[in-house]
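Working notes for the structure below.
The chains referred to below are lettered A, B, ... by the order of the sequence lines, with proteins before strands, and numbering in each begins at 1.
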There are 2 protein chains.
Amino acid sequence: MTGPDPADTGGVQALDPQELGAYFALMESVSLLHHHVEQHLRTEGNLSYVQFQLLARLAGSDGQLTMTQLADGVVYSRSGLTYQAGLLEKAGLITRGPSSDDERATLVTITDNGRALVDRVLPGHVQDVRRLLFDPLSDDDLQHLGDIMTRVRDHMRAQPPRSAAPRKRRPSPNS
Amino acid sequence: MTGPDPADTGGVQALDPQELGAYFALMESVSLLHHHVEQHLRTEGNLSYVQFQLLARLAGSDGQLTMTQLADGVVYSRSGLTYQAGLLEKAGLITRGPSSDDERATLVTITDNGRALVDRVLPGHVQDVRRLLFDPLSDDDLQHLGDIMTRVRDHMRAQPPRSAAPRKRRPSPNS
DNA sequence: TCTATATGTTTCAACTTCGAAGCAAGTGAG
DNA sequence: CTCACTTGCTTCGAAGTTGAAACATATAGA
């Protein structure tokens with residue numbers, strides 16, 4: 001009498017202990033890192049992690065991006081971005097204006113204040129990441145981690161997008 | 001005339017390109033994975049990732065945990081857990097009752113329906129993780145990833161906790 | 001050109017998350 | 001025992017996040 005094997009998930013190859021361990025450790029580490037970093041950003045610059053990401057991304061990119069480019073870069077919903085952009089604009093950290101290329105697009109531009117704020121919080125942020133993430137890693141580990149995660153990211157990006165889930169599928173024509 | 005070096009962050013050693021790449025790839029990969037997995041769980045079992053984590057954690061652990069144990073395991077605020085537990089209880093997936101050990105504690109127990117649901121969505125979940133995370137990795141990569149992230153997690157856990165930030169520090173006696 | 005559809009963004013309502021405050025039960029010192 | 005403090009959880013209000021719907025502009029095809 002062989003009761004249901006806990007590792008038997010109905011024909012799908014279950015994750016072996018090594019995979020499980022890697023998966024859990026990965027998710028939890030990032031979650032912890034996110035929490036820590038968020039706290040620091042909040043106390044040092046009154047910014048959420050998302051807001052920091054948006055500003056940092058703009059500070060690169062020559063200071064200008066469309067809403068969609070920003071949302072995609074941060075893996076974020078478009079409506080959520082509209083909200084955050086509103087806050088950042090009210091705080092004087094960014095500016096929103098029409099694009100000359102495409103009348104529909106909103107061009108987001110980082111202001112001098114925005115850049116200054118990024119410059120102000122970046123050192124602490126870097127220190128955090130260094131302390132939390134890189135301290136326990138050797139140069140070799142770092143090399144591997146970067147290589148592995150880059151491959152994983154590219155692989156996932158190749159999958160269908162998600163920030164703007166493909167528009168409502170056109171109602172199938174056979175109705 | 002040495003203008004401000006972009007890598008000069010005010011005395012703090014900036015992250016070199018390799019570190020930056022690893023950091024960004026890590027955060028984005030997990031973010032993407034989270035999004036994908038969340039979608040699948042929602043369509044297959046009408047569960048959020050958090051809810052799935054809670055049920056899965058309970059399904060291990062002999063089916064019973066206190067609220068605090070659950071919150072700590074999932075890196076979640078206590079009040080948020082109360083909310084989710086309410087939903088899961090309403091859905092008949094868990095049960096809440098007093099603990100005999102400690103009258104204050106609430107003992108959360110997974111129901112048969114809860115177990116059944118976990119069993120139902122787990123294969124798909126595993127398939128997702130396998131497809132998104134492990135597919136592009138060699139056995140060697142997997143080994144490294146698990147090793148690295150385990151070390152990182154343990155390192156972070158050694159830092160002060162976060163699920164229940166230390167209670168309001170008792171007002172220092174010299175006031 | 002006219003029309004259908006695609007794309008960029010915002011609005012809106014529902015849901016989720018968080019922290020602070022509140023309540024109840026445990027614990028230790030006197 | 002009693003007081004002060006700790007710990008486990010919930011309640012409450014404010015803020016953040018999301019998907020669907022609404023708009024507006026673009027684009028392609030007839």
Starting at atom [atom1] of [X], determine the distance to atom [atom2] of [N], rounded to an integer number of angstrom.
X	N	atom1	atom2	answer
B:Arg78	C:dC18	CZ	P	12 Å
A:Leu65	C:dG8	CG	P	14 Å
A:Gln39	C:dG19	CD	C1'	11 Å
B:Met67	C:dA25	CE	P	17 Å
B:Leu88	D:dT10	CG	P	13 Å

Only pairs at least two apart or in different chains count here, so list each ring pair (Phe, Tyr, Trp, His ring centres under 6.0 Å) that has a residue in [range].
range	value
residues 82-114 of chain B	none
residues 107-126 of chain B	A:Tyr23-B:His125, B:Phe52-B:His125
residues 85-105 of chain A	none

According to side chain to side chain contact (heavy atoms under 4.5 Å, CB included), who are the partners of B:Leu142, at least two apart in sequence or on a separate chain?
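Scan of B:Leu142 (side chain to side chain contact (heavy atoms under 4.5 Å, CB included), adjacent residues dropped) gives A:Gln18, A:Glu19, A:Ala22, B:Phe134.
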
Please name all residues satisfying side chain to side chain contact (heavy atoms under 4.5 Å, CB included) with B:Asp140, sequence neighbours left out, ordered by chain then number.
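If we apply the side chain to side chain contact (heavy atoms under 4.5 Å, CB included) test to B:Asp140, skipping adjacent residues, the hits are B:Ser138, B:His144.
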
Those residues that, when tested against B:Glu103, pass side chain to side chain donor-acceptor pair (under 3.5 Å) (two or more places apart):
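Expected list: none.
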
Would you call A:Arg115 and A:Asp112 a salt bridge, taking side-chain N to carboxylate O under 4.0 Å as the test?
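Looking at A:Arg115 and A:Asp112, the cut-off is not met.
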
Please list, by residue number, the residues of residues 94-111 of chain B whose heavy atoms come closer than 4.0 Å to an atom of DNA chain D; answer none if no residue qualifies.
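Per residue number, the list reads B:Arg96, B:Arg104, B:Ala105, B:Thr106.
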
Strictly by salt bridge (Lys or Arg N to Asp or Glu O under 4.0 Å), give each pair with a member in residues 34-60 of chain B just once, sequence neighbours left out.
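Every candidate salt bridge (Lys or Arg N to Asp or Glu O under 4.0 Å) pair involving residues 34-60 of chain B fails, so no pair, neighbours aside, qualifies.
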
Quick one: which residue pairs count as a salt bridge (Lys or Arg N to Asp or Glu O under 4.0 Å) with a foot in residues 141-150 of chain B, not counting sequence neighbours?
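Salt bridge (Lys or Arg N to Asp or Glu O under 4.0 Å) check on residues 141-150 of chain B returns A:Arg151-B:Asp141, B:Asp147-B:Arg151.
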
Membership question, hydrophobic clusters at under 4.5 Å side-chain separation (ILVMFWY): are A:Leu107 and A:Ile110 in the same one?
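Looking at the clustering, A:Leu107 is in a separate group from A:Ile110.
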
I want to verify a distance call: between D:dC9, C:dT11, C:dG19, whose nearest atom is closest to the B:Ser79 side chain?
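Minimum distance to the B:Ser79 side chain belongs to C:dG19.
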
Mind listing the side-chain donor-acceptor pairs of residues 90-98 of chain A below 3.5 Å, one per line with the distance, residues two or more places apart or on another chain?
| from | atom 1 | to | atom 2 | distance (Å) |
| --- | --- | --- | --- | --- |
| A:Arg96 | NE | A:Glu89 | OE1 | 3.2 |
| A:Arg96 | NH2 | A:Glu89 | OE1 | 2.9 |

Could you go through nucleotides 14-17 of chain C and list every protein N or O atom that sits under 3.5 Å from one of its N or O atoms, giving the distance for each pair?
| from | atom 1 | to | atom 2 | distance (Å) |
| --- | --- | --- | --- | --- |
| C:dT16 | OP2 | B:Tyr83 | OH | 2.3 |
| C:dT17 | OP1 | B:Tyr76 | OH | 3.4 |
| C:dT17 | OP2 | B:Tyr76 | OH | 2.4 |
| C:dT17 | OP2 | B:Gln84 | NE2 | 2.6 |
| C:dT17 | O5' | B:Tyr76 | OH | 3.4 |

At 10 degrees resolution, what angle do the end axes of the helix from C:dT1-D:dA30 to C:dG30-D:dC1 form when each is taken over five base pairs?
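Between the first-five-pair axis and the last-five-pair axis there is 20°.
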
